[in-house]
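Quick caveat, the model's predicted, so the values are computed rather than measured.
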Amino acid sequence: MTTSASVPEVESRFSAARQIADAVLFEGYVLYPYRASAAKNRLRWQFGVLVPPAWGTDSAEHCAQRTECLMEPRRGATLMIEVRFLRAQRRTVERALPGWAFEVTDALELPDRILVPWDEGVEERIELSIPVDELTGTGVSVPFSRPAGEESELVHTEEGQVTGRLLRRREQVDGLLRLRATEVPGPYTALKLTAELENAGGWAPKEGDARDAALPHSLISAHLLLGLSDGSFVSMTDPPEWAKGAVADCRNEHTWPVLAGEEGRADVLLSSPIILEDHPMVAPESAGTLYDATEIDEILALRTTALTDREKREARGTDLRAGEVIDLADSLPPEVWERLHGAVRALREITEPADPRPPAGVTGPDDPFTATRPDTPWWDPAGDRSVDPARDRVLIGDSSVGAGSRVLLKPGLRRTDAQDLFLDGRAALVEAVLHDVDGAVHLAVTVEGDPGADLWRQQGRFLYFQPDEVVPLEEG
């Protein structure tokens, strides 16, 4: 076992996944309005916090996370692991006194910033490279530790005089990573990888200690990057048919593994405390990191520019990253604002030739058996007389369904939501048959027995299901 992989090798394999992993690391790090005095920034570190075991026994916090996934390594493959987390570095602010003395203060005001006490996040990485063959049997256990430390930084005025001091203290953090690979039953040469990451610190709370006392000893935003030198991982979200049973037997606790890195590749996995889809990516329109959980760049940037000068000074003094957000919002050029306003990714290029084939099973008003695709632009449906939502019909099994037909709602599991599931088994009336720009067919329906159905009908507000999500009912 090699406990430190070569940096170029790790960076090369993980570089494509690094941006989204960084977003996970700093998710919710500091929230708008980016000031320590804001109520929402007084209870921090909500994702992937692994506390010392002695604290976790008396709280709802967890001291460990477990990742299980399937991988198909080739002979002689090496598993590269990167454990990533933040340490809470406690910052104290002191005011300068005569005679080179200092006293603790709640705020130190400077022309460009207002310095206040704050917990800064220090990024930590544990890089490992282990041959897959060494993971079978009992596996391997890798303890790691980061020592305590303290440092000070003098604060000067514009004239160069010392006006205060910042003291930063880090507590010791100890952890343990256990890795084990077991064969998956069946004809496939697949392994189930189990990775258990835990806080192994011996710190114990004193009577009356709050959560803030445990945070400097915790692994914050803890997550794993896993990479195979030769081979691939199996998607846990959309596994192939042969792997579905083995994937269902995997047990993931307080984290979820997804394929990461470049689209189309499966040699890198990100195990994140935030549920993501395979191959997640940061929107290319994003001009920079805003750190705010579930961030919406345009709204946050606009609200940030609206802060008062004093609020911006406090944000700059709260955290270096918060100050960068303020500077970013104040410096965005018009073309970036335009880009932040929105983007459409699902439409085909307008130069693509139209598909002359009709959607399967769809009939038009003039010919009960054959339909043609609209020849007019999709954004001008009124100009295409071959499409009539009130008269078009779709063939479901042996039944022709259109406006006025009764159907039984059977929403599918892959593209539905919780509201649709409540309607499973309810009867509905088809109000229209609609076609989208990709040639798919949608049924606009109202639910039978809904007292607001007439109102929805007048306003043109319907529920939408695809033909394979309904069962035709006998007419009359």
Side-chain angles (χ1 to χ4, degrees), residues 1-22 24-25 65-84 125-142 144 177-197 222-252 255-273 276-281:
M1 177 182 68
T2 303
T3 57
S4 180
S6 66
V7 174
E9 182 182 9
V10 172
E11 287 296 326
S12 172
R13 195 159 296 275
F14 290 157
S15 59
R18 184 80 63 202
Q19 189 179 28
I20 195 68
D22 288 344
V24 170
L25 187 66
Q65 59 181 216
R66 177 190 182 97
T67 299
E68 284 194 342
C69 61
L70 301 187
M71 61 181 182
E72 298 179 278
R74 295 189 176 90
R75 186 183 300 275
T78 296
L79 179 69
M80 290 169 288
I81 311 103
E82 192 172 283
V83 181
R84 309 175 83 238
R125 298 183 189 180
I126 312 297
E127 296 176 345
L128 309 169
S129 182
I130 305 173
V132 172
D133 291 342
E134 295 184 13
L135 301 177
T136 57
T138 58
V140 299
S141 296
V142 182
F144 58 88
L177 178 65
R178 295 190 181 93
L179 297 163
R180 185 175 68 258
T182 56
E183 290 187 5
V184 175
Y188 301 97
T189 57
L191 297 175
K192 179 168 76 171
L193 174 67
T194 301
E196 296 174 297
L197 176 63
H223 59 279
L224 301 176
L225 272 175
L226 305 171
L228 279 172
S229 64
D230 196 8
S232 60
F233 293 96
V234 174
S235 170
M236 301 293 289
T237 304
D238 190 17
E241 192 65 34
W242 67 266
K244 288 184 177 179
V247 165
D249 290 337
C250 290
R251 181 161 59 95
N252 287 280
T255 186
W256 180 249
V258 297
L259 299 179
E262 299 174 4
E263 187 74 35
R265 299 191 62 171
D267 57 347
V268 173
L269 199 79
L270 169 63
S271 186
S272 161
L276 301 169
E277 61 184 358
D278 280 338
H279 298 290
M281 61 176 292

Trainee: Should E196 and R66 be marked as a salt bridge (Lys or Arg N to Asp or Glu O under 4.0 Å) after you check the CA-CA gap, both sets of side-chain angles, and the distance that decides it?
Mentor: CA-CA 5 Å; E196 296 174 297; R66 177 190 182 97; 2.9 Å; yes
Trainee: Decide yes or no for L270 and L276: does some side-chain heavy atom of the first lie under 4.5 Å from some side-chain heavy atom of the second?
Mentor: yes
Trainee: Between atom CD1 of I81 and atom CZ of R125, what is the distance when rounded to the nearest 0.5 Å?
Mentor: 15.0 Å
Trainee: Please check: side-chain N/O of N252 versus main-chain N/O of E68, any donor-acceptor pairing under 3.5 Å?
Mentor: yes
Trainee: Look at R18 together with E82 and state whether they make a salt bridge at an N to O cut-off of under 4.0 Å.
Mentor: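 Yes.
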Trainee: Heavy atoms only: give me the nearest A222-P273 pair and the separation to one decimal.
Mentor: O-CD, 3.6 Å
Trainee: Salt bridge check: are D22 and R84 linked by an N-O gap of less than 4.0 Å?
Mentor: yes
Trainee: Check H223 against S272 and note the closest heavy-atom contact, atom names and distance.
Mentor: CB-CA, 4.3 Å
Trainee: Report yes if the side chains of V132 and L191 come closer than 4.5 Å at any heavy-atom pair, otherwise no.
Mentor: yes
Trainee: For residues L197 and V83, determine if any side-chain heavy atom of one lies less than 4.5 Å from a side-chain heavy atom of the other.
Mentor: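 L197 vs V83: side chains touch.
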Trainee: Any chance you could lay out the side chain to side chain contact (heavy atoms under 4.5 Å, CB included) test for F233 and D267, step after step, and finish with the verdict?
Mentor: CA-CA 6 Å; F233 293 96; D267 57 347; 5.5 Å; no
Trainee: Going by heavy atoms in the side chains, are T78 and I130 under 4.5 Å from each other?
Mentor: no
Trainee: Over all heavy atoms of both residues, which pair between S141 and R178 is shortest? Give the atoms and the distance, please.
Mentor: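 Shortest heavy-atom contact: OG-CG, 3.6 Å.
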Trainee: Is the shortest side-chain heavy-atom distance between C250 and K192 below 4.5 Å?
Mentor: yes
Trainee: For a side chain to side chain contact (heavy atoms under 4.5 Å, CB included) check, start with the C-alpha distance between L224 and T67, then their side-chain angles and the critical distance, and finish with the verdict.
Mentor: CA-CA 9 Å; L224 301 176; T67 299; 4.2 Å; yes
Trainee: Could you state the interatomic distance from CG (L225) to CG (L269), rounded to the nearest 0.5 Å?
Mentor: 9.0 Å
Trainee: Does L193 form a side chain to side chain contact (heavy atoms under 4.5 Å, CB included) with L135? I'd like the steps, not just the answer.
Mentor: CA-CA 9 Å; L193 174 67; L135 301 177; 4.1 Å; yes
Trainee: Could you grab the distance from atom OG of S229 to atom CE of M80, nearest 0.5 Å is fine?
Mentor: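 Output value for this atom pair is 5.5 Å.
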Trainee: Looking at H279 and V258, would you say the former's side chain and the latter's main chain have a donor-acceptor pair under 3.5 Å?
Mentor: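 Side chain of H279 to backbone of V258: no pair is present.
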Trainee: Can you measure from CZ (R251) to OG1 (T194) and round to the nearest 0.5 angstrom?
Mentor: 8.5 Å
Trainee: Assess, by modelled atom type and distance only, whether the side chains of T255 and S271 contain a donor and an acceptor separated by less than 3.5 Å.
Mentor: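 There is such a pair between these side chains.
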Trainee: Got a sec, which residues hit salt bridge (Lys or Arg N to Asp or Glu O under 4.0 Å) with D249, two or more places apart in sequence or on another chain?
Mentor: none
Trainee: Please round to the nearest 0.5 Å and tell me the distance separating atom CE of M281 and atom CD1 of I20.
Mentor: 9.0 Å
Trainee: I need the L79 CG to E134 CD distance, nearest 0.5 Å.
Mentor: 11.0 Å
Trainee: Does E72 reach the main-chain N or O of A190 with its side chain, forming a donor-acceptor pair under 3.5 Å?
Mentor: no
Trainee: Applying side chain to side chain contact (heavy atoms under 4.5 Å, CB included) to L128 and L177, what does each step give before you reach the verdict?
Mentor: CA-CA 10 Å; L128 309 169; L177 178 65; 3.6 Å; yes
Trainee: Any side-chain donor-acceptor pair under 3.5 Å between D278 and S235?
Mentor: yes
